There are 2 protein chains.
Amino acid sequence: MTTAKDPGSEILALHRATHATLQTLTSLLADLDLPAADLNVLANLADGAGRTVGALAAATATKPSTLTSLLDRLTRRGYLVRQSDLADRRSFVVLLTPDGLAVAKRAAEAIADLERQALVGVTPTQRAGFHAVIDALTELSQ
Amino acid sequence: MTTAKDPGSEILALHRATHATLQTLTSLLADLDLPAADLNVLANLADGAGRTVGALAAATATKPSTLTSLLDRLTRRGYLVRQSDLADRRSFVVLLTPDGLAVAKRAAEAIADLERQALVGVTPTQRAGFHAVIDALTELSQ
DNA sequence: TATTGTTATACTCTATAACTATA
DNA sequence: TATAGTTATAGAGTATAACAATA
């Protein structure tokens, strides 16, 4: 046997899983009427702490220009505000409103629920392995 | 300690890693001038075997209607053909041309290279854990 | 009747380049 | 000069509903 059995499998599995989980989350939270990327950003803000646009871009591995229209939409909905960063006035700090925090918490809870259900038969060791691989792939791609 | 330390982390990490790896792949293969989703589909076909549109949709966790324009584009480029499935004439089998196979193999190799580089310090056990978590999340979301 | 895939349609996702304000 | 973020722009990604062909 000289042939690799399953070339490309981690990254292809990653993309498949991302599509699948995004669709599931969107339909679980259909009443919020928010696209998947918005849920993702909100979940990243669910701890209530402010983050600069750049920090959010890093957290989601997207570009600031990708976030602009998304943040505009969430602002229009009353879910967040952009505050000028006092420390560096080129930056904006993204801050959830009370409404936004409630929605963000629902998104984060739906994600946590989905993980709990999916990972009921998964050991902490396997979970640690998952993060080791994910982190390695993410770090190499930055 | 009653608070979970890192709620939502698997799925958020998944989405971050997907964005990061897609961007890296696209720039590694910039000379092919293909968007990320095309590379993903081609890599899924790189073994040279034909697949129905439905099977491809399942492999990428997308809908057939999402694939239509993508397959049209790859057909226009001469990378694949749709053949009527003799066993079930409602179906189309997607088959790579020789040119398409060459491009698909480059995509699959770039993915394999990226994985090799990223996972050089990752143990087989960690890798197995990764797949256990990914599979659990994917299966729950179908 | 049910299923496969396309078409038509409507938005969202995403990045690059040029720009503004600030550092 | 360099950086943070937006604006302008262009194209790709995605799904739903309606449809045609086949089962």
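Everything numeric in this text was worked out from a predicted model, so none of it was measured. Naming convention: chains lettered A, B, ... in sequence-line order (proteins, then strands); numbering from 1 in each chain.
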Rounded interatomic separation in angstrom, taking CD from A/Gln83 and C1' from D/dA4: 17 Å
message: Has A/Arg89 got a side-chain atom pairing as donor or acceptor with A/Ala87's backbone, closer than 3.5 angstrom?
response: no
- request: Answer yes or no: does a side-chain N or O of A/Thr68 lie under 4.0 Å from OP1 or OP2 of D/dT6?
  value: yes
query: With sugar-phosphate meaning primed atoms plus P, OP1 and OP2, does A/Asp38 contact a base, only sugar-phosphate, or nothing at under 4.0 Å between heavy atoms?
result: sugar-phosphate
message: Assess, by modelled atom type and distance only, whether the side chains of B/Ser141 and A/His19 contain a donor and an acceptor separated by less than 3.5 Å.
response: no
- request: Identify which nucleotide among C/dC13, C/dG5, D/dT6 has an atom closest to any side-chain atom of A/Arg73, counting heavy atoms from C-beta outward.
  value: C/dC13
message: Output the rounded distance in Å from CG (A/Leu34) to C1' (D/dA15).
response: 16 Å
query: OP1 or OP2 of D/dG13 less than 4.0 angstrom from a side-chain nitrogen or oxygen of B/Thr66, does that happen here?
result: no
- line: Comparing A/Ala87 with A/Leu70, nearest DNA chain C nucleotide closer to 5' gives the residue A/Leu70
statement: Judged by nearest nucleotide, the residue sitting upstream toward the 5' end of DNA chain D, A/Asp88 or A/Gln23, is A/Asp88
message: Does C/dT14 have its OP1 or OP2 closer than 4.0 Å to a side-chain nitrogen or oxygen of A/Thr62?
response: no
- request: Return yes if the base of C/dT16 and the side-chain atoms of A/Ser65 contain a donor-acceptor N/O pair under 3.5 Å, otherwise no.
  value: yes
field: Passing candidate, side-chain hydrogen bond (donor to acceptor under 3.5 Å, both in side chains) with A/His15, options B/Thr21, B/Thr18, B/Asn44
entry: B/Thr21
message: Using heavy-atom distances to pick each residue's nearest nucleotide on DNA chain C, tell me which of A/Leu86 and A/Ala37 is more 5'.
response: A/Ala37
field: Nucleotide D/dA8, atom C1' - distance to CG of A/Asp72 in whole Å
entry: 13 Å
- prompt: Is a salt bridge present between A/Arg77 and A/Asp33, judged by a nitrogen-to-oxygen distance below 4.0 Å?
  reply: yes
task: Check the distance between D/dT6's P and A/Leu67's CG and give it to me in whole angstrom.
output: 8 Å
- request: Establish whether the base of C/dT22 is bridged to the side chain of A/Arg89 by a donor-acceptor pair shorter than 3.5 Å.
  value: no
message: Could you check whether B/His131 and A/Glu10, counting side-chain N and O atoms only, form a donor-acceptor pair closer than 3.5 Å?
response: yes
query: Is any side-chain nitrogen or oxygen of A/Arg82 closer than 4.0 Å to OP1 or OP2 of D/dT6?
result: yes
query: Rounded to the nearest Å, what distance is computed from the CG atom of residue B/Leu25 to the P atom of nucleotide C/dT14?
result: 16 Å
- line: Winner on side-chain proximity to B/Arg90, out of D/dG5, D/dT6, C/dA2, is C/dA2
- prompt: Atom CG of A/Leu39 to atom P of C/dT12: distance rounded to whole Å?
  reply: 13 Å
- prompt: When the distance from NZ of B/Lys63 to P of C/dA10 is rounded to whole Å, what number comes out?
  reply: 21 Å
field: Spacing of A/Asp85 atom CG relative to C/dA23 atom C1', expressed in whole Å
entry: 12 Å
